[in-house]
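For reference, the structure discussed in these notes is given below.
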Amino acid sequence: MGLDQNAIKKAYPNAVTIDDGTGAFDASGNKITIDQTLVDAARVELNKLNYQTDRTENGSTVYSSFGDQLDMLYSDMLAGKLDTTGTWATHIKAVKDANPKP
């Protein structure tokens, strides 16, 4: 199992090189001693941001394109449904419910 490079980069912003075999190094080539508790805390913080990409790319339910959303809004305007019962509002709610913000 390799190093959690993204979490290490968050925990140690001065790390410029991270290698699964040799470890993490700063710009001067000095080895950085990795504290796993700091890496774990950084991973928790990074995981809190997953909902953002899940809503737009990775999730089972993602936002429609801007054009489709504008079409939903226009249709809702014509139907007098600019409330929580409209197509756009129910679409946005479904995405947010499927990928909740922590």
Side-chain angles (χ1 to χ4, degrees):
M1 183 170 169
L3 298 173
D4 186 347
Q5 295 193 14
N6 290 332
I8 291 171
K9 287 178 186 174
K10 177 149 181 73
Y12 297 94
N14 62 327
V16 294
T17 304
I18 302 171
D19 181 86
D20 287 347
T22 57
F25 299 87
D26 65 16
S28 300
N30 299 317
K31 186 166 183 154
I32 298 170
T33 302
I34 297 173
D35 180 347
Q36 191 59 45
T37 58
L38 294 177
V39 174
D40 292 344
R43 171 51 49 207
V44 168
E45 290 302 310
L46 289 171
N47 286 344
K48 288 180 182 178
L49 301 176
N50 285 347
Y51 79 95
Q52 295 171 334
T53 54
D54 288 347
R55 288 180 181 182
T56 57
E57 301 169 15
N58 305 330
S60 59
T61 306
V62 297
Y63 290 128
S64 293
S65 69
F66 288 126
D68 287 346
Q69 288 187 46
L70 288 171
D71 187 52
M72 287 178 207
L73 284 169
Y74 180 72
S75 296
D76 289 346
M77 285 171 54
L78 293 178
K81 291 186 145 190
L82 285 177
D83 56 18
T84 58
T85 65
T87 306
W88 180 80
T90 56
H91 168 69
I92 298 299
K93 183 172 180 357
V95 173
K96 288 180 180 274
D97 288 349
N99 307 291
K101 187 175 181 178

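The first residue of the sequence shown is numbered 1, and numbering continues consecutively from there.
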### Query
Considering only heavy atoms from C-beta outward, does the side chain of P102 approach that of Y51 to under 4.5 Å?
yes
Checklist entry - Passes side chain to side chain contact (heavy atoms under 4.5 Å, CB included), L82 versus M77? Steps please. => result CA-CA 6 Å; L82 285 177; M77 285 171 54; 3.5 Å; yes
Item to complete: Decide side chain to side chain contact (heavy atoms under 4.5 Å, CB included) for D26 and Y12; before the verdict, give the C-alpha distance in whole Å, the side-chain angles of both, and the deciding distance to 0.1 Å.
Response: CA-CA 9 Å; D26 65 16; Y12 297 94; over 6 Å; no
Tell me whether H91 contacts the main-chain N or O of Q69 through its side chain, where contact means a donor paired with an acceptor under 3.5 Å. no
Any donor-acceptor N/O pair, D71 side chain to G67 backbone, under 3.5 Å: no
Rounding to 0.5 Å, atoms NZ (K9) and CG (L3) come to a distance of 11.5 Å
Would you say that I8 contacts I18 through its side chain, given a criterion of any heavy-atom pair below 4.5 Å between the two side chains? yes
d(D4 CG, K10 NZ) to nearest 0.5 Å is 12.5 Å
So OG of S60 and CG of N99: to nearest 0.5 Å the spacing works out to 6.0 Å
Short side-chain to backbone donor-acceptor contact, K31 and T22, under 3.5 Å: yes
Q. Would you say the side chain of I32 lies within less than 4.5 Å of the side chain of N14, judging by non-hydrogen atoms?
A. yes
Indicate, with yes or no, if V62 and L73 share a hydrophobic cluster defined by side-chain heavy-atom contacts under 4.5 Å among Ile, Leu, Val, Met, Phe, Trp and Tyr. no
Heavy-atom nearest pair, K96 first then R55, reads NZ-NH1, 3.3 Å
Rounded to the nearest 0.5 angstrom, the CG-CG distance for N47 and N6 is 10.5 Å
When rounded to the nearest 0.5 Å, the distance separating CD1 of I92 from OH of Y63 is 5.5 Å
**pair K81-T87: side-chain heavy atoms closer than 4.5 Å** = no
Correct closest heavy-atom pair for A24 and I34 would be CB-CD1, 4.0 Å
### Message
Using modelled atom types and a 3.5 Å cut-off, is there a donor and acceptor pairing between side-chain atoms of D76 and backbone atoms of W88?
### Response
yes
Value for NZ (K48) from CZ (R43), rounded to nearest 0.5 Å, stands at 13.0 Å
